[in-house]
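Accompanying notes for the structure given below.
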Protein chains: 2
Amino acid sequence: MATLADVARHAGVSTATASRIINGSPKPVTEELRARVLAAVAELRYVPNAHAQMLARSNRNAVGVIVHDVSDPYFAEITRGLQRVATANGRLVIICNSFRDPGREMEYIDLLHAHQVAAIVIAGSGYLDSTAASELDDRMRAFEATGGRIAVIGRHQHPGDAVLPDNEEGGYLAGRHLFELGHRAIAAIAGPPSLTTTVDRLAGLHRAATEQGATIHVTHSDFTRDGGEAITAKLLAEDPSVTAIAALNDSMAVGALAAMRAAGRRLSVIGFDDMPIARDVTPALTSVRLPLTELGERAMTLALDPAADGTPRTEHVPAELILRESTWSP
Amino acid sequence: MATLADVARHAGVSTATASRIINGSPKPVTEELRARVLAAVAELRYVPNAHAQMLARSNRNAVGVIVHDVSDPYFAEITRGLQRVATANGRLVIICNSFRDPGREMEYIDLLHAHQVAAIVIAGSGYLDSTAASELDDRMRAFEATGGRIAVIGRHQHPGDAVLPDNEEGGYLAGRHLFELGHRAIAAIAGPPSLTTTVDRLAGLHRAATEQGATIHVTHSDFTRDGGEAITAKLLAEDPSVTAIAALNDSMAVGALAAMRAAGRRLSVIGFDDMPIARDVTPALTSVRLPLTELGERAMTLALDPAADGTPRTEHVPAELILRESTWSP
DNA sequence: CGGTCTCAGGAAAGCGCTTACCTCAGGACT
DNA sequence: AGTCCTGAGGTAAGCGCTTTCCTGAGACCG
């Protein structure tokens, strides 16, 4: 492995000069030396050791991202936004999948901390369990204490910069739409009850129901397509009076559609997130859209621009109802 | 930012001792010192500087992954496999999106090289353009010359460890299926002609056609859903005699379905990759499955186990036809 | 009771790079 | 002619950690 010293020796200059030439420092250097050094670099296929550079410069260049799972379309979309902004700012992005495990999240915070990232963005870890949340909070504080910056996506224990999708409002939009259509027997398929995303969307749904003096039957699943399919099958068998299903994300809504097809039933279904698949299933899915890419972009922007004063900044992004063909009057 | 020296001072020991205790080195240490050091670590919230560790240990711990785009379901699936194996081996994974830009790929190889990764896995960059390919090859050699390991997924210029999905066979399977159904006027919607994936799948299709003494009409698109929709719309308008469409990936097949729905036509459609969405569109998509997660797992395994001798290892993974409802006799 | 082992712990030499500071010519000025 | 810049380059001190080698003190032996 060629080092700077090798290059310098090869070109017959000091490491200082070689370093300056390679990094294009403002210090003036004669053309001849520059050429010699550059030739040596090419010949030796020299690639600077990033770790040594980080250590010597002690500037933080990378940023970390902790999400549930990049393969999940929801987070893939968010990640896309995060990457766009980070790359535009010349940052290296380190992505970590937490699989919603608070323990793993803490490990990753430490790992990113150890790697001297300038900032960490965390998405999809709004835990309600206060033990896990406060330990996490602890780790985050330790990171921030060293000058690191943290931005979170979604409601979160940790006080600090955050971009908040308006999940409550989205839930309300979905509920109101169903009630306006004339549905009265509505079943909600929620995600894990420990996630704030679930809680907030559900709260909106309940607000809409209360407005109508109605109630909504809630069952919990796991935000996956198969989970949605299984629970819908059960629901259809157990409660034939339900006329509409509000799934708290599109994956489960797609599963619900599959279960209905299998059972030969046709209830109204509304999804959440408006993922690309929504327009390609039959019937095309009515859904509550959250601008996921934008969510990511704004979170990364927050994370990279140091706060003017120390005040935590909070940005809200609105939800929007996208009407398609999966909802109708009973 | 607390350093090892801070911890050592705080505990009243030398940095050597502190380091040994923190890293659990085999050197024996009295319980009392161990307790003091660990207490100091907790109190100062010490997190070791990973860059300094890398530099001092000069062992390579991370691995790099270069893919087209993690948000793309195809690569998301592959990445999942890569991560599983890497994490199981205690490696940090650095993911880079190349967006199929050879220039960016080279940058990323250098970047990963600079970060001293132990290995790089590259997926989805089988370029035919020989200039780009040979420059890439150059970069890879430079990396390998320093002891780094490279594994590629898919056919590739670079001679070395590779796992190859059997795209040609998959194309053949798709073609034969359509011909067996009795189709004669078949249109293929291919991806960019510069990718080996496109070329290989197409070759299989042609082999099936030749067997039948038939030919296939080929048009090129870009592997995206919208690209598939647009080109299918055009196709339907221009050539009413076509009875079957072979899309070279599922995204384009889904687009084709949408275009057909819009035009009120019902041709047979076969996709490729058997992505999760395939079973949820209507009609459910017949597709050629490639075990993507396994592809990733095997590539990472190859990358992490140094070759027994220096011989490049090649693993083939077979394609499989998944019958659903989008294909029928004309 | 002097000599040899063992063991706990420390001193210090790097790992590969950046950069503040220093040196040494050769002009420009007075 | 002597002083002072100014440019071009080198010297060396770290950055935070690991690890080799060394030291000093008991334990043990004959």
Side-chain angles (χ1 to χ4, degrees), chain A residues 1-38 40-41 44-62 110-111 113-118 146-148, chain B residues 1-38 40-41 44-62 110-111 113-118 146-148:
Chain A
M1 179 105 203
T3 71
L4 220 214
D6 296 333
V7 172
R9 200 175 314 120
H10 207 81
V13 300
S14 71
T15 61
T17 306
S19 171
R20 291 199 267 256
I21 290 174
I22 290 170
N23 296 305
S25 111
K27 260 233 160 182
V29 173
T30 43
E31 265 321 304
E32 198 219 325
L33 283 202
R34 176 185 312 283
R36 286 224 306 270
V37 168
L38 262 21
V41 166
L44 298 174
R45 296 185 178 300
Y46 168 71
V47 176
N49 181 322
H51 296 302
Q53 284 187 229
M54 296 279 92
L55 194 56
R57 290 193 185 134
S58 67
N59 76 338
R60 302 158 152 215
N61 164 61
D110 280 354
L111 184 141
H113 184 163
H115 278 261
Q116 310 294 104
V117 299
T146 69
Chain B
M1 179 108 202
T3 71
L4 219 215
D6 297 332
V7 172
R9 202 174 314 122
H10 206 80
V13 300
S14 71
T15 61
T17 307
S19 170
R20 291 199 269 256
I21 290 175
I22 290 170
N23 296 306
S25 110
K27 256 234 161 179
V29 172
T30 44
E31 264 322 303
E32 198 219 324
L33 283 201
R34 177 185 312 285
R36 286 225 305 268
V37 168
L38 261 22
V41 166
L44 299 175
R45 297 184 176 304
Y46 169 69
V47 176
N49 182 321
H51 296 302
Q53 285 189 195
M54 297 278 92
L55 193 56
R57 290 191 184 135
S58 66
N59 77 338
R60 303 160 152 214
N61 164 61
D110 280 353
L111 183 143
H113 184 164
H115 278 260
Q116 311 292 106
V117 299
T146 69

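For clarity, every value in this text was computed on a predicted model and none was experimentally measured. Chain letters run A, B, ... following the sequence lines, proteins first, then strands; residues in each count from 1. The figures here come from the full heavy-atom set of this structure, side chains too, leaving out hydrogens, waters and symmetry mates.
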Q: Hey, could you give me the NE2/NE2 distance between His115(A) and His51(A), rounded to the nearest 0.5 Å?
A: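 Between atom NE2 of His115(A) and atom NE2 of His51(A) there are 7.0 Å.
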Over all atoms of both residues, closest heavy-atom pair of [X] and [Y]:
X	Y	value
Leu4(A)	Ser19(A)	CD1-CB, 3.8 Å
Val29(A)	Arg34(A)	O-NH2, 4.0 Å
Pro48(A)	Gln53(A)	CB-OE1, 2.9 Å

I need the [atom1]-[atom2] distance between [X] and [N], as an integer number of Å.
X	N	atom1	atom2	result
Leu4(B)	dC15(D)	CG	C1'	13 Å
Arg20(A)	dC22(C)	CZ	P	14 Å
Arg57(B)	dT19(D)	CZ	P	6 Å
Leu55(A)	dG14(D)	CG	C1'	9 Å
Arg60(A)	dT18(C)	CZ	P	19 Å
Asn61(A)	dC17(C)	CG	P	17 Å
Glu31(B)	dC7(C)	CD	C1'	15 Å
Glu32(A)	dA8(D)	CD	P	13 Å

- Donor-acceptor contact present, side-chain Arg20(B) to main-chain Ser25(B), <3.5 Å: no
As a test of reading the structure: which of [options] is closest to the side chain of [X], going by heavy atoms?
X	options	answer
Asn23(A)	dT18(C), dA12(C), dC17(C)	dT18(C)
Ala56(B)	dG9(C), dG10(D), dG14(C)	dG14(C)
Ser14(A)	dG10(D), dC17(D), dA11(C)	dG10(D)
Lys27(A)	dT18(D), dC21(D), dG10(D)	dG10(D)
Gln53(A)	dG10(C), dG9(D), dC17(C)	dC17(C)

**Prompt:** If you look at every strand shown and take non-hydrogen atoms under 4.0 Å, does Thr30(B) touch a base, only sugar-phosphate, or nothing?
**Reply:**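 Touches sugar-phosphate only.
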Notebook entry, point to check: Starting at the 5' end of DNA chain C and moving along, which residue's nearest nucleotide shows up first, Thr17(B) or Ser58(B)?
Noted result: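 Nearest-nucleotide comparison on DNA chain C picks Thr17(B).
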